[in-house]
Protein chains: 2
Amino acid sequence: MTQGRPMRADARRNYERLLEVAAEAFAEHGEKASLDDIAKRAGVGSGTLYRHFPNRQALLEAAYLDRIEALGARADELAKELPPGEALGEWLYELAVGTLEVRGMKALLGSAVTESSAAALTVCGNVVKGAVARLVEAAQTAGALRADVEPIEVLRLAHGVASAAELAGTGEREIRRYLGLLHEGLRSG
Amino acid sequence: MTQGRPMRADARRNYERLLEVAAEAFAEHGEKASLDDIAKRAGVGSGTLYRHFPNRQALLEAAYLDRIEALGARADELAKELPPGEALGEWLYELAVGTLEVRGMKALLGSAVTESSAAALTVCGNVVKGAVARLVEAAQTAGALRADVEPIEVLRLAHGVASAAELAGTGEREIRRYLGLLHEGLRSG
DNA sequence: GCGTTAAGCGGGGACTGTCTCCGTTTAGTG
DNA sequence: CACTAAACGGAGACAGTCCCCGCTTAACGC
């Protein structure tokens, strides 16, 4: 892509070490883990961290990119296994569970879903938006979902519901319940 | 209540000046406006601010207490004017709009709705929870709302939806729409 | 192997924000 | 007017973000 020269070996090592540590740290302390601390734990100076990842958002995204991509792939898998309406429901459920399980992914998803122009460019945003778009459209043509909602709206609502469940401090039970209620409202009527 | 002696005149002046300035600052910069800056703008030292309000949450709550109480009163007003189902819907709408209009109230409401024991004690939490409980129960006995949801769940979901609308960067239009969808799912079925 | 050089490193430091501590000031009272 | 407890305020400890720039080292041609 934008690879003029390949990375120097030490640079690549540091880059990867940082990602590893960052994923741990975000999981442990939530989205606002200390960046300098991550640098320290990875055995590099903070300068190195900030060169590779100009800001928190960039690091967050890079750290969870694989997870996001798995989610994108999962969408297509579900689309094959289940009827359209259920596929969407199940995918949203897995998305929401992931959001809560991996503290810090919520912030990431949140920013992916914003109107803001800056966030529209992120890889993660595109993957998730693409996945939900496919599922929503399939469900709509199958008549399992009202036709007047946009995919991004579904995503936003699911994210809102996940936040609601998080406030409840509960687990997956609550999410399923809340998503169910939402789904009820989204059926074609 | 817990008033042993009335406040000294200068103390009361500072207290009120702080509230004024805080409301402005939170409205302008969101929930994370600088507290030291608020103190400065109010013409007091930061020590004074922290003595009156031991943490951000306390200041936030005090700054918007009147608004919260108005919301509580509004619930009863609506209960008289409208049939139970609509009263609830309209109140949630006004709540959500307030949440977005007054940047910083979202954080306040969010914490009011958490499982956490610490937050359960806040005045604001109690007012809002009380209001929604009355409206929800009325709607349920009128058969306009499914019986298996808790008031606090309705509140959480509404808050989630408001967050979703906020991400969209939109105004009241979107909120009404999203709340409508939610409401659909909450009808008795 | 060995020298050259630019890519990469890293930590010191500027800056911003939170919150506490304690010496100083002042409102309220007799 | 003097006294005292209440209240003030700002210096400073601490924590976080991010930049800057002199030093180090991997990579490549010889």
Side-chain angles (χ1 to χ4, degrees), chain A residues 1-63 103-104 107-108 111 118-119, chain B residues 1-63 103-104 107-108 111 118-119:
Chain A
M1 258 226 213
T2 41
Q3 288 301 60
R5 309 280 140 211
M7 253 175 167
R8 238 170 71 170
D10 55 347
R12 153 150 253 102
R13 251 197 322 277
N14 284 332
Y15 182 90
E16 262 150 25
R17 182 106 187 80
L18 278 169
L19 282 187
E20 252 173 65
V21 173
E24 271 175 43
F26 285 135
E28 187 174 349
H29 300 115
E31 57 187 302
K32 32 186 262 187
S34 157
L35 296 190
D36 272 32
D37 197 57
I38 289 175
K40 201 162 288 174
R41 278 212 257 168
V44 305
S46 50
T48 301
L49 187 154
Y50 285 103
R51 189 158 353 88
H52 285 307
F53 311 98
N55 54 51
R56 177 178 300 273
Q57 198 60 30
L59 180 56
L60 207 47
E61 174 153 19
R103 313 181 61 229
L108 186 52
S111 80
Chain B
M1 263 242 200
T2 42
Q3 287 300 60
R5 309 279 141 212
M7 252 175 168
R8 233 169 72 170
D10 54 346
R12 154 149 254 103
R13 249 196 325 276
N14 283 334
Y15 182 91
E16 262 149 25
R17 183 106 188 79
L18 278 169
L19 282 187
E20 250 173 67
V21 173
E24 271 174 44
F26 285 135
E28 186 174 350
H29 301 114
E31 57 188 302
K32 33 188 264 194
S34 158
L35 296 190
D36 272 32
D37 195 58
I38 289 175
K40 201 161 289 173
R41 278 213 256 167
V44 306
S46 49
T48 301
L49 185 153
Y50 285 101
R51 189 157 352 89
H52 284 307
F53 311 98
N55 55 49
R56 177 179 299 274
Q57 199 60 30
L59 181 55
L60 209 47
E61 174 154 19
R103 313 182 63 227
L108 186 52
S111 80

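Being a predicted model, the structure only gives us computed values, none of them experimental. The sequence lines fix the lettering, A, B, ..., with proteins before strands; numbering per chain opens at 1.
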Checklist outcome for this item: On DNA chain C, more 5' by nearest nucleotide between A/Val44 and B/Ser34 is A/Val44

Checklist entry - Does B/Arg41 come within less than 4.0 Å of B/Asp37, counting only side-chain N to carboxylate O? => result yes

Between [atom2] on [N] and [atom1] on [X], what's the gap in Å once rounded to a whole number?
{"X": "A/His52", "N": "C/dA7", "atom1": "NE2", "atom2": "C1'", "value": "11 Å"}
{"X": "A/Ile38", "N": "C/dG10", "atom1": "CD1", "atom2": "P", "value": "16 Å"}
{"X": "B/Lys32", "N": "C/dC19", "atom1": "NZ", "atom2": "P", "value": "14 Å"}
{"X": "B/Leu49", "N": "C/dG17", "atom1": "CG", "atom2": "P", "value": "14 Å"}
{"X": "B/Lys40", "N": "C/dT16", "atom1": "NZ", "atom2": "P", "value": "10 Å"}
{"X": "B/Arg41", "N": "D/dG9", "atom1": "CZ", "atom2": "P", "value": "17 Å"}
{"X": "B/Tyr15", "N": "D/dA7", "atom1": "OH", "atom2": "P", "value": "13 Å"}

Checklist entry - Of A/Ile38, A/Leu49, A/Val44, which meets side chain to side chain contact (heavy atoms under 4.5 Å, CB included) against A/Val21? => result A/Ile38

Checklist entry - When rounded to the nearest 0.5 angstrom, what is the spacing between CZ in B/Arg12 and CG in B/Asp10? => result 11.5 Å

Checklist entry - Rounded to the nearest 0.5 Å, what separation is found between the OG atom of B/Ser111 and the CD atom of B/Glu61? => result 7.5 Å

Checklist outcome for this item: Per-nt protein contacts along nucleotides 18-30 of chain D (heavy atom under 4.0 Å; B base, S backbone sugar-phosphate only, - none) come out as BBB----BSS---

Next on the checklist: Classify A/Ala42 by what it touches in the nucleic acid, base, sugar-phosphate, or nothing, heavy-atom distance under 4.0 Å.
Outcome noted: nothing

Checklist entry - If you take all heavy atoms of A/Ala62 and A/Leu19, which pair is closest and at what distance? => result CB-CD2, 3.5 Å

Checklist entry - What pair of heavy atoms forms the shortest contact from B/Ala63 to B/Ala22, and how long is it? => result CB-CB, 4.4 Å

Checklist entry - When the nearest nucleotide of DNA chain D is assigned to A/Asp37 and to B/Gly43 on a heavy-atom basis, which residue is associated with the more 5' position? => result B/Gly43

Next on the checklist: Would the distance check show the side chain of B/Arg103 and the main-chain N or O of B/Glu28 forming a donor-acceptor pair, the cut-off being under 3.5 Å?
Outcome noted: yes

Item to check | A/Leu59 vs A/Tyr50, side chain to side chain contact (heavy atoms under 4.5 Å, CB included): CA-CA, chis, key distance, verdict | outcome: CA-CA 9 Å; A/Leu59 180 56; A/Tyr50 285 103; over 6 Å; no

Checklist entry - What pairs meet the ring pair (Phe, Tyr, Trp, His ring centres under 6.0 Å) rule with one or both residues in residues 6-28 of chain A, with sequence neighbours excluded? => result A/Tyr15-A/His52, A/Tyr15-A/Phe53

Checklist entry - Counting only non-hydrogen atoms, which of residues 20-31 of chain B are less than 4.0 Å from DNA chain C? => result none

